[in-house]
Amino acid sequence: MSQSIVINQKEYPIDVPDDMPLLWFLRDKLELTGTKFGCGMGLCGACTIHVDGQATRSCVLPVSSVAGKSITTIEGLSEEGSHPLQQAWLEHKVPQCGYCQAGQIMNAASFLATNKSPSGDEIDNAMQGNICRCGTYQRIKAAITDAAEVMYKEVK
Amino acid sequence: MSISNPSRQINQSRPVNLSRRGFLKSSGVATGGLILGVTVPQHLMAEVIHGADSNFNPNAFIHIAENGDTLIYCGRCEMGQGISTALPAAVADELEADWSRVEVRQADGNEDLYGPQATGGSASIRRMYIPMREAGAAAKLMLIAAAAKVWNTSADNCIADNHFVINTSNQQKLPYGELASIAATMEVPEKPALKEKSEYKYIGKDLARHNLNDILQGTLTYGVDTKMSGLKYAAITHCPVLGGKLKSVGNKAAALKVQGVIEVIEIPRFDVPFGSIGGVAVVADNTWTAQQALKLLEIEWDSGKNGSYDTQSYKAQLVKNVESPAELGEERGNVQRAFDSAEHIVKATYTGGHISHSPMEPNASVVWVQDDSCEVWAATQSPADIQKVLAQYLKREAKDILVHVTMAGGAFGRKFKCDYVHEAAVISQKINAPVQLTWSREEDMRTGYYHSISAQHIQASLDKNGNVSAWLHRAAFPPISSLFNSAVDRAGKGELSEILNHPFGIENVRSESGEAIAHTRIGWYRAVYAIFYGFAFGTFADELALKANKDTVSMLNNIYDNNQDVKKAEQVKRSKRALALAAEKSNWAGRGDLPKNQGLGLAVHYSFQSYVAMAVRVEVNGDDIKVLEVDAIVDCGQVLNTDSAKAQMEGAVVMGMGLALRTEIVFREGAVVNSNFHNYPVIRIDEMPKVNVHFIQAGEEPTGLGEPGLGPFAPALSNAIFAASGKRYRDLPFKPQAV
């Protein structure tokens with residue numbers, strides 16, 4: 001029987017081979033191209049999406065293995081870029097070419113969901129799987145720190 | 001790339017009114033409103049990286065619609081360097097436009113309309129700053145003239161401000177939109193006056209990239225993202241050895257049996273610059289299926305004459321070639337005579353490996369070849385080269401190849417070469433459908449165009465007072481010219497010119513070129529030869545300082561001060577100024593107070609007509625090198641956008657760390673051994689140092705900044721490590737990772 005998957009709160013049938021990575025189902029089947037292909041081996045993080053809120057590399061994730069789960073991509077992270085991380089990225093003018101940034105933001109969003117006041121080392125540790133060849137790391141770090149403060153200021 | 005200073009000639013450009021030239025019909029742009037282009041003189045147009053020919057033609061392009069919406073086209077290609085914000089913002093500044101009413105569009109490939117589009121050599125700002133501003137200024141004057149006509153007053157009574165023209169005698173206002181179609185009938189001013197620096201509204205500020213929101217929401221279209229009805233997807237594998245040939249393709253039936261596979265296509269080598277090196281492609285209804293079916297093929301290649309290329313032994317040979325007399329490049333003065341009377345002669349040899357651009361977006365494009373048309377959607381640095389290569393392949397006119405330029409997800413020189421677009425065209429023609437070809441990361445890394453492997457040997461003499469009296473500089477590296485001429489067996493005079501032209505201006509200097517035959521494709525990589533020349537000059541200066549018993553800053557100042565060439569006076573002044581600020585900002589004078597395992601290193605390098613000095617502070621613990629902080633001093637004249645200029649320096653530090661510390665492309669038996677980011681370990685966030693960027697803005701004409709940050713980084717790092725540990729690294733990368 002055909003399985004389905006929920007992507008950005010919309011249900012889609014999985015009508016591709018079981019072992020097709022979610023990345024290619026998103027990009028070539030659904031034409032959701034915000035999630036990027038970078039390495040195909042889970043080494044660079046450009047393809048990072050959320051599976052039930054958890055940052056996951058979609059280039060090595062068979063679509064059938066996440067049947068029935070809820071997937072969030074950069075296109076579904078927020079309404080019109082309103083997520084505090086997107087706002088912090090805007091504030092710090094993080095992107096250069098921007099190609100890796102969807103993956104960076106998705107990874108950071110999952111990280112901040114569990115770490116409300118990350119130290120510099122914790123950010124490094126959480127984000128070291130996401131490569132940026134333009135070299136925007138200094139700004140990514142600053143933006144994550146700021147976003148954490150915005151997201152959790154009431155908590156503190 | 002030696003590029004003449006075009007700033008004088010640029011002033012001869014002239015805006016032209018396209019609204020009145022029948023342009024509307026031919027371009028398909030909606031009628032109504034003002035459309036303005038600008039001419040650029042022919043000698044300037046010819047100043048592209050590899051000598052394409054061009055004519056007097058418009059190159060900037062402004063369209064103000066009747067509702068005031070303003071489009072500014074950017075003809076130069078955007079790959080993250082920020083040019084598509086910086087130049088249009090300069091236009092908007094002169095136009096007195098409201099930036100929030102401006103939409104920037106990336107222009108299609110059309111050098112007749114937009115001027116030279118080949119984007120490299122850090123040349124966009126240097127070449128286009130004045131013509132683009134003049135286009136904006138001319139349009140503003142035409143809007144003012146239109147308002148003066150409406151009000152039946154003199155233009156002298158009118159000023160433009162924030163998308164309005166204001167009548168200063170009675171404070172009446174007319175919005176640009178209402179004036180646009182009248183302005184379109186006005187004469188174009190011959191030589192519009194440009195604003196004074198104090199009047200800049202957008203130039204020199206930190207405007208955000210025009211496409212920032214699209215990036216952050218995942219809606220910006222890169223080369224890999226083009227979609228259209230009927231699109232097919234392809235994957236490719238190439239002959240791993242340059243010049244090799246396909247012997248056989250086995251197991252085709254199995255590949256064709258995979259559900260969704262459409263065809264297996266052999267792509268022969270196309271022997272023109274930037275043509276395919278030859279490969280086998282699979283076309284399917286999605287990329288992943290194409291990739292999987294490709295793996296089923298059993299492909300055999302004949303390696304050909306480069307089948308024994310081995311970078312380890314090749315580099316050792318290059319060292320031999322520079323440590324013995326080589327072919328004369330040029331000589332100024334008499335090096336031997338100075339050596340004969342020298343107090344000391346200092347010698348050192350420096351090497352560097354091949355490196356891969358590895359932009360995050362692998363090579364990708366969509367091409368649709370039809371009987372009567374050919375349309376391309378590509379991340380590219382040179383749409384005209386796509387037109388040229390596809391025209392050669394398809395035997396059509398270059399102007400009949402329509403190239404839509406998408407955002408590039410990084411490029412660094414790689415996307416100047418359009419082999420990947422050519423391959424997509426071959427496939428599209430064969431299957432008669434639009435095709436998206438996406439290279440895998442492995443193909444990108446293994447069959448790229450690499451930064452030259454290199455060796456340099458320098459000997460310099462010091463006189464009794466510690467002055468450098470002579471400098472012998474031998475270099476051996478397979479040059480980029482080998483791409484265009486397979487008979488090239490070493491770097492030519494032009495490729496050695498940075499030695500005699502260096503702002504050091506040593507009185508007696510001699511360049512020599514050691515044999516270095518290319519066994520792979522050599523290509524421009526961000527900063528190009530400035531990577532290894534900067535490294536050798538900057539590191540050797542530090543070594544000379546040690547020998548002369550001076551500190552590096554004094555030594556460098558001494559060398560610059562000895563440069564008596566009046567033509568180099570400005571380079572000397574600006575190099576010294578950058579160096580002095582680097583010393584100040586990094587607290588060079590207080591370096592003795594650093595912890596014992598820390599060191600501070602400095603270097604300054606002039607490249608692409610910009611000056612960058614870097615001060616690097618490192619901590620060395622045994623084998624572990626940690627870059628702690630970098631002060632980058634930038635003199636690129638007037639900065640157009642301070643934010644993206646800073647970003648270029650941050651990026652240069654990260655890329656510089658990679659190539660200085662550990663990334664190297666290794667060949668064995670003719671083929672690249674590296675394959676993906678696990679064995680080409682680029683810098684990640686946990687290694688990011690603190691980068692402080694300081695601008696010297698002394699009013700000079702603006703120059704580019706995409707590349708100049710690379711030259712000084714590696715030598716400053718080498719010098720810092722030496723200061724911290726006493727260990728001198730002369731080979732890039734310092735700590736190559738075994739592959």
Side-chain angles (χ1 to χ4, degrees), chain A residues 16-17 19-21 23-25 27-29 31-41 43-44 46 73-75 77-78 80-81 83 85-87 89-90 93-105 121 123-125 127-141, chain B residues 78-82 206 208-209 211-213 215-222 224-225 227 233 259-260 285-289 291 357-362 407-412 438 440-442 643-644 647-648 650-655 676-678 682-691:
Chain A
V16 296
D19 51 351
M20 179 184 285
L23 171 69
W24 296 110
F25 180 68
R27 289 186 55 83
D28 288 357
K29 191 74 196 173
E31 301 192 355
L32 284 170
T33 55
T35 306
K36 301 302 188 201
F37 167 59
C39 71
M41 289 177 72
L43 297 169
C44 78
T73 72
I74 188 69
E75 291 95 337
L77 181 65
S78 69
E80 297 184 346
H83 189 284
L85 277 163
Q86 287 163 308
Q87 291 298 304
W89 248 245
L90 203 60
K93 303 187 177 80
V94 173
Q96 290 185 34
C97 87
Y99 191 81
C100 73
Q101 300 296 347
Q104 303 275 6
I105 290 169
D121 284 350
I123 294 173
D124 283 349
N125 199 35
M127 298 301 294
Q128 59 84 35
N130 288 71
I131 294 173
C132 170
R133 284 288 279 160
C134 296
T136 62
Y137 298 131
Q138 178 162 286
R139 298 175 188 224
I140 288 174
K141 221 164 155 172
Chain B
E78 177 65 65
M79 55 197 116
Q81 82 279 40
D206 64 347
R209 281 157 207 279
N211 52 14
L212 194 48
N213 276 307
I215 291 172
L216 298 179
Q217 295 173 50
T219 53
L220 186 61
T221 302
Y222 293 82
V224 295
D225 294 333
K227 299 291 175 191
Y233 298 85
Q259 197 190 345
D285 60 12
N286 67 79
T287 306
W288 182 77
T289 297
Q291 289 173 347
H357 311 81
S358 298
M360 291 314 297
E361 178 195 36
M407 179 73 183
F412 314 119
T438 305
S440 65
R441 175 59 56 191
E442 287 78 7
D643 179 74
S644 53
Q648 285 306 306
E650 293 164 22
V653 166
V654 173
M655 196 161 268
N676 207 316
F677 291 118
H678 61 292
V682 300
I683 299 299
R684 293 173 182 265
I685 197 170
D686 54 320
E687 293 167 278
M688 183 73 203
K690 183 167 190 285
V691 179

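Computed from heavy atoms alone, side chains included, the values below leave out hydrogens, waters and symmetry copies. Sequence lines set the chain letters: A, B, ... in the order given, protein chains first and strands last, and positions in each chain run from 1. Remember, predicted model here, so these are calculated numbers, not experimental data.
Under 3.5 Å, the side chains of B/Q217 and B/T219 contain no donor-acceptor pair of N or O atoms. B/S440 and B/Q291 share no side-chain donor-acceptor pair at under 3.5 Å.
Using a 4.0 Å cut-off between charged nitrogen and carboxylate oxygen, A/K141 and A/D124 count as a salt-bridge pair.
For the ring pair (Phe, Tyr, Trp, His ring centres under 6.0 Å) test, no residue two or more places apart in sequence or in another chain qualifies with B/F677. Residues forming a ring pair (Phe, Tyr, Trp, His ring centres under 6.0 Å) with B/F412 (at least two apart in sequence, or on another chain): none.
The residue among B/D285, B/N676, B/V653, B/T221 with the most heavy atom pairs within less than 4.5 Å of chain A is B/N676. Across B/T287, B/N286, B/V682, the residue that shares the most heavy-atom pairs under 4.5 angstrom with chain A is B/T287. Across A/C134, A/A102, A/P95, A/G34, the residue that shares the most heavy-atom pairs under 4.5 angstrom with chain B is A/P95. Top candidate by heavy-atom pairs under 4.5 Å with chain B, chosen from A/Q104, A/Q86, A/R27, A/H83, is A/R27. Of the residues considered (B/M688, B/R684, B/E650, B/E687), B/R684 shows the highest number of contacts with chain A, using heavy-atom pairs under 4.5 Å. Annotation: maximal heavy-atom pairing with chain A below 4.5 Å, among B/D643, B/V224, B/L212, occurs at B/D643. By number of non-hydrogen pairs under 4.5 angstrom with chain B, the leading residue of A/G81, A/P21, A/P17 is A/P21. For the set B/R209, B/H678, B/Q81, the count of heavy-atom pairs under 4.5 angstrom toward chain A peaks at B/R209. Counting heavy-atom pairs closer than 4.5 Å to chain B, the top-ranked of the candidates A/E80, A/M127, A/E75, A/K29 is A/E80. Note on B/G410, B/G82, B/A647: by heavy-atom pairs under 4.5 Å with chain A, the leading option is B/A647.
Aromatic pair A/W24/A/F37: ring centres closer than 6.0 Å.
Contacts between A/N125 and chain B at a heavy-atom distance below 4.5 Å are absent for every atom of the residue. Within the 4.5 angstrom heavy-atom criterion, only side-chain atoms of B/M655, from C-beta onward, approach chain A. Using a 4.5 Å cut-off between heavy atoms, A/Q138 contacts chain B through both its backbone and its side chain. Contact annotation for B/A408: only backbone heavy atoms (N, CA, C, O) come within less than 4.5 Å of a heavy atom of chain A. When heavy atoms are compared at a cutoff of 4.5 Å, A/I105 approaches chain B solely by way of its side chain, counted from C-beta outward. The contact between B/I685 and chain A is made by backbone and side chain atoms together, counting heavy-atom distances below 4.5 Å.
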Q: Start with the C-alpha distance between A/M41 and B/E442, add both sets of side-chain angles, then the distance that settles side chain to side chain contact (heavy atoms under 4.5 Å, CB included), and finish with yes or no.
A: CA-CA 10 Å; A/M41 289 177 72; B/E442 287 78 7; 3.6 Å; yes
Q: List the steps and the verdict of side-chain hydrogen bond (donor to acceptor under 3.5 Å, both in side chains) for A/Q101 and A/T136.
A: CA-CA 9 Å; A/Q101 300 296 347; A/T136 62; 3.0 Å; yes
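Minimum interatomic distance between B/G80 and B/M407 (heavy atoms only, all atoms of both residues): N-CE, 3.8 Å.
Note that CG of A/D28 is 8.5 Å distant from OG1 of B/T289, once rounded to the nearest 0.5 Å.
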